[in-house]
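What follows is a single structure, written as structure tokens, with notes after it.
Letters go in sequence order (proteins before strands), and every chain restarts at 1.
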There are 2 protein chains.
Amino acid sequence: MNEVDNAEKEMNRGFLQLVVLLLLEKAMYGYMIVRVLEEQGLTVDENTLYPLLRRLEEKGALSSRWDATEAKARKYYEVTDQGRVLRGSLLEIWVKQGKTIQTLRQEVRS
Amino acid sequence: MNEVDNAEKEMNRGFLQLVVLLLLEKAMYGYMIVRVLEEQGLTVDENTLYPLLRRLEEKGALSSRWDATEAKARKYYEVTDQGRVLRGSLLEIWVKQGKTIQTLRQEVRS
DNA sequence: ACATATACCATATGACACACAGTATGTCAA
DNA sequence: TTGACATACTGTGTGTCATATGGTATATGT
């Protein structure tokens, strides 16, 4: 694992939570999320996403229901009100971080 | 530890590396960095920053030198060329993430 | 039949933010 | 002159999470 890969991994923490909370305003299942994000140029490992979905559900930020009527059983996740609150907080943090980076970039002018 | 605090912690991963790499275009020592960032409204725990500085130095992204001439011995860190490369990569990732969030926000209109 | 796609899960590993605890010197005011 | 507070750094946890590895099981096209 080189430094940049590792750095990207670290940068993805938190970010991915925000992405999922934004995306799941419409109910979707895990495998679908992976492919939708892939289309947007964002590769997310299944083994990263599935645990994340479960963690967010445990926290009450997502709700889930199994749909067995379709060809393959699918677990649909959707954001809850609590999840929207969390999303708001994450967005605030993200905006604040953006401002910090902008300020520093101007000072460094790199 | 509530969810938002924890989320902020996760959001800080990677972000803080980028901040340090931007800031250390000018040589600074740890305690000074903490206070400079504090002034900018960014509270960074000493116990987070010091290990981070050491890790970045191990990676070759920072160089350090002790200055014993001042009242208190201070360890000055400065970004290296390798660190600038890493910084460039982190900035790219950050910009890409920003675009993703923007796109998703528009779709969700939240 | 068999490969490939779909769809999910369990366990282990390693990195890192932060907590907790400590060492040691400098400064300033009562 | 003492003792509180600031300065400046270090060491050793702990917990969370991204990712690696390695599954299970069904569907679908050839």
Mind listing the side-chain donor-acceptor pairs of residues 27-39 of chain A below 3.5 Å, one per line with the distance, residues two or more places apart or on another chain?
from: A:Y29; atom 1: OH; to: A:R74; atom 2: NE; distance (Å): 3.4
from: A:Y29; atom 1: OH; to: A:R74; atom 2: NH2; distance (Å): 3.2
from: A:E38; atom 1: OE2; to: A:T43; atom 2: OG1; distance (Å): 3.1

Expressed as a whole number of angstroms, how long is the span from [X]:[atom1] to [N]:[atom2]?
X     : N      : atom1 : atom2 : answer
A:D45 : C:dA7  : CG    : C1'   : 14 Å
A:E8  : D:dA18 : CD    : P     : 13 Å
A:Y29 : C:dA7  : OH    : P     : 4 Å
B:L52 : D:dT10 : CG    : C1'   : 15 Å
B:R74 : C:dG26 : CZ    : P     : 12 Å
A:E46 : C:dA5  : CD    : P     : 12 Å
B:Y77 : D:dA8  : OH    : P     : 14 Å
A:L53 : C:dA10 : CG    : C1'   : 16 Å

Side-chain donor/acceptor of A:R13 to base of D:dT16, under 3.5 Å: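 When only heavy-atom distances are counted, A:R13 does reach the base of D:dT16 through a donor-acceptor pair under 3.5 Å.
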
Side-chain donor/acceptor contact of B:R55 with base of C:dA15 under 3.5 Å: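 Answer no: no donor N or O sits under 3.5 Å from an acceptor.
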
Pairs: protein N or O with nucleotides 11-14 of chain D N or O, under 3.5 Å:
from: D:dG11; atom 1: O6; to: B:N47; atom 2: OD1; distance (Å): 3.4

How many angstroms lie between atom [atom1] of [X] and atom [atom2] of [Y], to the nearest 0.5 angstrom?
X      : Y     : atom1 : atom2 : answer
B:T100 : B:K96 : OG1   : NZ    : 6.5 Å
A:L24  : A:Y77 : CG    : OH    : 9.5 Å
A:R87  : A:D81 : CZ    : CG    : 10.0 Å
A:E8   : B:Q97 : CD    : CD    : 7.5 Å
A:K59  : A:Q82 : NZ    : CD    : 10.5 Å

Sequence neighbours excluded, every pair satisfying side chain to side chain donor-acceptor pair (under 3.5 Å) that has a member inside residues 46-56 of chain B: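 Sorted pair list: B:D45-B:N47.
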
Would one find a side-chain N or O of [X] under 4.0 angstrom from OP1 or OP2 of [N]?
X     : N      : result
A:K59 : D:dC17 : yes
B:Y50 : D:dT10 : no
B:K75 : D:dT10 : yes
B:K9  : C:dA19 : no

B:E57/B:T80 under side-chain contact (heavy atoms from CB on, under 4.5 Å): CA gap, chis, key distance, verdict: CA-CA 9 Å; B:E57 187 179 16; B:T80 61; over 6 Å; no

Provide a list of protein-nucleic acid N or O atom pairs under 3.5 angstrom, restricted to nucleotides 26-29 of chain D.
from: D:dT26; atom 1: O2; to: A:K72; atom 2: NZ; distance (Å): 2.6
from: D:dA27; atom 1: OP1; to: A:A71; atom 2: O; distance (Å): 3.4

DNA chain D contacts among residues 30-40 of chain A, heavy-atom distance under 4.0 Å: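 Hits under 4.0 Å, by residue number: none.
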
Pair B:K75-B:L53, side-chain contact (heavy atoms from CB on, under 4.5 Å): steps then yes or no: CA-CA 10 Å; B:K75 197 170 179 180; B:L53 292 172; over 6 Å; no

Joint hydrophobic cluster, A:L104 plus B:L49, side-chain heavy atoms closer than 4.5 Å: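 Same hydrophobic cluster.
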
ILVMFWY network linking B:L56 to B:L91, side-chain heavy atoms under 4.5 angstrom: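 Yes, same cluster.
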
A:E10 side-chain proximity, nearest of C:dC8, D:dA8, C:dC16: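 Of all the options, the side chain of A:E10 is nearest to C:dC16.
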
If you look only at distance, which donor and acceptor atoms sit under 3.5 Å apart when one is on a side chain in residues 15-23 of chain A and the other is two or more places apart or in another chain?
none

